[in-house]
There are 2 protein chains.
Amino acid sequence: MNPLPAPPWRSAIRFCRACASPVEYRVPDDGDTRVRAVCPSCGTIHYENPLNVVGTIPTWGPDGAQVLLCRRAIEPRWGKWTLPAGFMELGETTAQGALRETQEEAGAEVAIEGLFTLLNVARVGQVHIYYRARLLHDRFAPGHETLEARLFHEHEIPWDELAFRTVQETLRHYFADRRRGRFEVHTGDIA
Amino acid sequence: MNPLPAPPWRSAIRFCRACASPVEYRVPDDGDTRVRAVCPSCGTIHYENPLNVVGTIPTWGPDGAQVLLCRRAIEPRWGKWTLPAGFMELGETTAQGALRETQEEAGAEVAIEGLFTLLNVARVGQVHIYYRARLLHDRFAPGHETLEARLFHEHEIPWDELAFRTVQETLRHYFADRRRGRFEVHTGDIA
Ligand SMILES: [Zn+2]
Ligand SMILES: [Zn+2]
């Protein structure tokens with residue numbers, strides 16, 4: 001769910017969530033330095049902050065030679081290939097969210113193996129966090145957001161048909177680390 | 001800024017941000033599986049998601065034997081010791097946010113060295129992300145949220161006077177890794 005649309009939370013705040021008064025955009029009086037949507041009636045300050053997108057790089061085979069990609073059945077990037085990922089929800093951890101998205105989008109069962117990439121996409125106010133995950137079997141059941149889910153060897157990856165830069169970076173790091181024989185945590189910024 | 005208060009964004013959504021109508025709490029019709037605050041008039045769905053808290057573990061000395069802690073001048077945990085950290089803002093990366101908080105709370109200048117801990121606090125809908133950071137000098141200028149900023153050797157750390165479990169975990173990993181002579185990225189969940 002919540003599959004990387006134009007961030008819905010970015011629609012302008014015009015009215016106070018607590019009392020319905022029109023908000024004002026100004027720096028609050030509490031020592032803050034940023035402009036916020038402030039309610040002149042009840043004082044509520046409406047903060048907006050970056051969102052986490054959490055997902056996995058599901059791998060298959062004793063040496064993790066294949067990875068699972070999903071072909072998107074939704075906009076943006078309809079028909080492009082992606083790793084299973086989506087917005088983190090309240091009440092879950094980053095790893096639990098990554099596991100949930102993998103089940104929802106690919107119908108795949110995985111065991112989380114460890115944090116792999118943390119990639120900032122500051123332009124859209126997102127942090128993308130991917131975990132390496134071992135597939136428990138190779139029977140997939142794509143959800144309604146996915147046209148098709150299948151395994152790819154490195155030489156089969158559709159590099160020009162990937163949905164997002166963070167997916168490209170995560171796959172690139174995966175195969176590079178795999179060749180070296182050691183997986184590390186990678187951080188980076190997507191311009 | 002935004003120094004770990006009870007999450008202000010958690011105050012209940014009663015009215016639509018776009019049109020001021022009273023919202024309804026229900027599962028949206030778009031395939032979603034979670035209850036959201038939905039506007040019956042204009043259809044706006046009000047998502048609420050976890051927040052990132054970003055900070056540094058500022059170290060001093062050629063071998064990083066000392067770390068910088070700040071004594072909080074604000075609630076919660078007034079008077080307790082913490083690492084510089086606060087809510088990540090739109091338009092910045094996790095590392096930029098960590099750098100900003102270090103400047104704001106301690107008046108300290110650092111060079112970010114690498115991701116160090118990613119700790120989930122699912123109970124309050126937060127992910128705490130700390131970077132190792134090398135202090136460029138040892139002159140500090142605490143902001144209005146900080147009573148005092150000073151360097152501590154490992155044996156001086158006020159373990160019983162730390163403000164947050166994520167600070168305790170980050171310091172524990174730091175000194176353990178330092179003894180081993182190798183810093184890694186650590187992940188964990190705070191119950
Ligand atoms: Zn109000
Ligand atoms: Zn509305």
Side-chain angles (χ1 to χ4, degrees), chain A residues 1-3 7-23 30-34 37 44-52 74 87-97 104 114-115 118-125 127 129 131 143-145 184-189, chain B residues 1-3 7-23 30-34 37 44-52 74 87-97 104 114-115 118-125 127 129 131 143-145 184-189:
Chain A
M1 259 308 87
N2 244 339
W9 48 285
R10 208 60 80 77
S11 73
I13 298 170
R14 298 181 56 211
F15 299 99
C16 176
R17 66 197 281 166
C19 79
S21 298
V23 298
D30 61 358
D32 202 340
T33 56
R34 297 204 167 210
T44 295
I45 303 169
H46 302 74
Y47 296 97
E48 294 193 279
N49 298 84
L51 295 183
N52 290 335
I74 46 173
F87 288 116
M88 185 183 179
E89 298 278 6
L90 288 175
E92 67 187 9
T93 65
T94 44
Q96 286 167 346
E104 287 180 2
L115 180 63
L118 186 151
L119 302 167
N120 281 278
V121 196
R123 184 176 41 81
V124 293
V127 183
I129 297 170
Y131 286 80
H144 72 285
E145 298 170 5
E184 300 187 340
V185 179
H186 301 273
T187 61
D189 303 332
Chain B
M1 259 308 89
N2 244 340
W9 48 284
R10 208 61 79 77
S11 73
I13 298 170
R14 296 182 56 211
F15 299 99
C16 176
R17 67 198 280 165
C19 79
S21 298
V23 298
D30 61 358
D32 202 340
T33 57
R34 298 204 167 210
T44 295
I45 302 168
H46 302 74
Y47 296 97
E48 294 193 279
N49 298 84
L51 294 183
N52 290 335
I74 48 174
F87 288 116
M88 183 182 180
E89 298 278 6
L90 288 175
E92 68 187 9
T93 66
T94 44
Q96 286 167 346
E104 287 180 3
L115 180 63
L118 186 152
L119 302 168
N120 281 277
V121 196
R123 184 177 41 82
V124 293
V127 182
I129 297 169
Y131 286 81
H144 73 284
E145 298 170 4
E184 298 187 340
V185 179
H186 301 272
T187 60
D189 302 332

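Chain identifiers are assigned alphabetically (A, B, ...) following the order of the sequence lines, protein sequences preceding nucleic acid strands; residue numbering begins at 1 within each chain.
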Report the option among L115(A), L118(A), T93(A) that has the most heavy-atom pairs separated by less than 4.5 Å from atoms of chain B. T93(A)
Checking T187(B) now: which residues fulfil side-chain hydrogen bond (donor to acceptor under 3.5 Å, both in side chains) with it, not counting sequence neighbours? none
Checked A18(B), P22(B), C16(B), G91(B) vs chain A; the most non-hydrogen pairs under 4.5 Å come from A18(B)
Check: M88(A) and L51(A) side chains under 4.5 Å, non-hydrogen atoms: no
Using ring-ring contact (aromatic ring centres under 6.0 Å, His included) as the criterion, list what pairs up with H186(B), not counting sequence neighbours. F116(B), H173(B)
Between V121(B), N52(B), D189(B), the one whose heavy-atom pairs under 4.5 Å with chain A are most numerous: N52(B)
Answer whether the closest heavy-atom distance between the side chains of I13(A) and F15(A) falls below 4.5 Å. no
